[in-house]
2 protein chains.
Amino acid sequence: MARSTRESILTAAAELMRHRGYAAVAMKDLAAASGAPIGSLYHHFPGGKVQIAREALVNAGAAYGMLIPTLVDPHDDLGEAVEALFAQAADDMAATGYANMCPVASVAAEIADTVDELRQATAEIFDGWLDGGAAYFTKRGLPPAQARDVTVALVGALEGAFILARTLRSREPLLVAGRVLAPGYRGVALGAHAAVPG
Amino acid sequence: MARSTRESILTAAAELMRHRGYAAVAMKDLAAASGAPIGSLYHHFPGGKVQIAREALVNAGAAYGMLIPTLVDPHDDLGEAVEALFAQAADDMAATGYANMCPVASVAAEIADTVDELRQATAEIFDGWLDGGAAYFTKRGLPPAQARDVTVALVGALEGAFILARTLRSREPLLVAGRVLAPGYRGVALGAHAAVPG
DNA sequence: GTCTATATCACGATAGAC
DNA sequence: GTCTATCGTGATATAGAC
């Protein structure tokens, strides 16, 4: 598990942005958290802070995009899957002391109007989640239009419930989201298990 | 409509945080946007940037909390109301060039782990929305438990869809959220119109 | 490719004249 | 209550030795 300096910088960036967003993370913090001196940050990322943030978000986004397929995969009924998904997210959040699971949404909200390079990056990540989720649910037998709607609704509801849950330090928003969304999908059968995209 | 210096500072703060979050808004920016010199900011808000942000968020949160009751009020069927709510939000967002409607969620995501005074403020605002929405739907005849669940689900879905819509610059996430949530509430009658809380 | 030292500038906050 | 000047700090980024 010998990680390169580059990787440790990106890992540190994702970890710090997960908690503080973009503007509140300083290059000095990235140097301290990664163990690399400031000079190395600019050696590996000549584009500076924006480039580091962009690559860290892309990495984190790819990992996070497998969350829905991974958690849905064991289930054969879409309603059950949805309820389990939100219950699992609620438990994870509570277990981590209501820290954010993923830096993408936090950063996206902060920079959508100001740092266009990052807005484009977060948009591509979201698009990847939506396309990947739609492809996954299509493979499990849903009609393409429903597969996409389910994915968009799940990602949106998850992100919104994450913000509420984190701020209120309560599992309620996540549990309610699952409870409200699941009935509409109860009885919708999921077909043969597909390989989780990666 | 002669606004006090204090009010113009708070208005400027809400407007800037709506676009940039908390950390990326500088006192200098608040001075420029409000027309008040730096010294006046600290005269009116001895607590500095945190105090300004807190009061601006409380003000904006109170206004924003009336959104759901106001948009739901003309409807007699909960399903119709939900679909209209998201459609209206989608149109508003598109009309404003996909700017954020409200600073609360953006700031909440950014400071939940770092500035506890603001985390508490945003939590109180969210709680106010949830309590106010639950009270509103209860007055319109829903059982209290359902009234609260509906509110939690709507606020969560709205916030999540806002982030996606703003980043993707698309109405799709808001329209899909409405389309997915509405069927579960179709046929749920809303009783006599209640006064919108304020 | 690593690391130190530093340039340049913007930050939040304060002091104090008016 | 308004406004200017400025303090001390920490920001991003660079230069250049090793």
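Order of the sequence lines fixes the chain letters, A, B, ..., with proteins taken first and strands second; residue numbering starts at 1 for each chain. Bear in mind the structure is a predicted one, so any value in this text is a computation, not a measurement.
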Calculate the interatomic distance between [X] atom [atom1] and [N] atom [atom2]; express it in whole Å.
X       : N      : atom1 : atom2 : value
B:Phe45 : D:dT2  : CZ    : C1'   : 15 Å
A:Asp29 : D:dA13 : CG    : P     : 14 Å
A:Arg20 : D:dA11 : CZ    : C1'   : 14 Å
A:Leu30 : D:dA13 : CG    : C1'   : 14 Å
B:Leu16 : C:dG12 : CG    : P     : 12 Å
A:Lys28 : C:dA10 : NZ    : P     : 20 Å

Distances for protein N/O vs nucleotides 13-18 of chain C N/O pairs under 3.5 angstrom?
from	atom 1	to	atom 2	distance (Å)
C:dA13	OP2	B:Tyr42	OH	3.0
C:dA13	OP2	B:Lys49	N	3.1
C:dA13	O5'	B:Tyr42	OH	3.4

Next item on the list: Please confirm whether the backbone N or O of A:Glu110 pairs with a side-chain atom of B:Glu110, one donor and one acceptor, at under 3.5 Å?
Entry: no
Check: Between the main-chain N or O of B:Ala109 and the side-chain N or O of A:Arg166, is there a donor-acceptor pair closer than 3.5 Å?
Finding: yes
Notebook entry, point to check: By side chain to side chain contact (heavy atoms under 4.5 Å, CB included), which residues pair with A:Ala94, not counting sequence neighbours?
Noted result: A:Tyr98, A:Arg171
Note to self: Looking only at the side chains, is there a donor atom on one of A:Asp77 and A:Tyr185 sitting less than 3.5 Å from an acceptor on the other?
What the structure shows: no
Note to self: Within the 3.5 Å criterion, strictly below it, is a donor on A:Asn59 or A:Glu55 matched to an acceptor on the partner's side chain?
What the structure shows: no
Next item on the list: Establish, with yes or no, whether the OP1 or OP2 oxygen of D:dT14 is under 4.0 angstrom from a side-chain nitrogen or oxygen of A:His43.
Entry: no
Notebook entry, point to check: Taking only N and O in the side chain of A:Thr5, is any of them less than 4.0 Å away from OP1 or OP2 of C:dT2?
Noted result: yes
Next item on the list: Determine whether B:Leu175 and B:Val180 fall in the same hydrophobic cluster, where Ile, Leu, Val, Met, Phe, Trp and Tyr are linked whenever their side-chain heavy atoms lie under 4.5 Å apart.
Entry: no
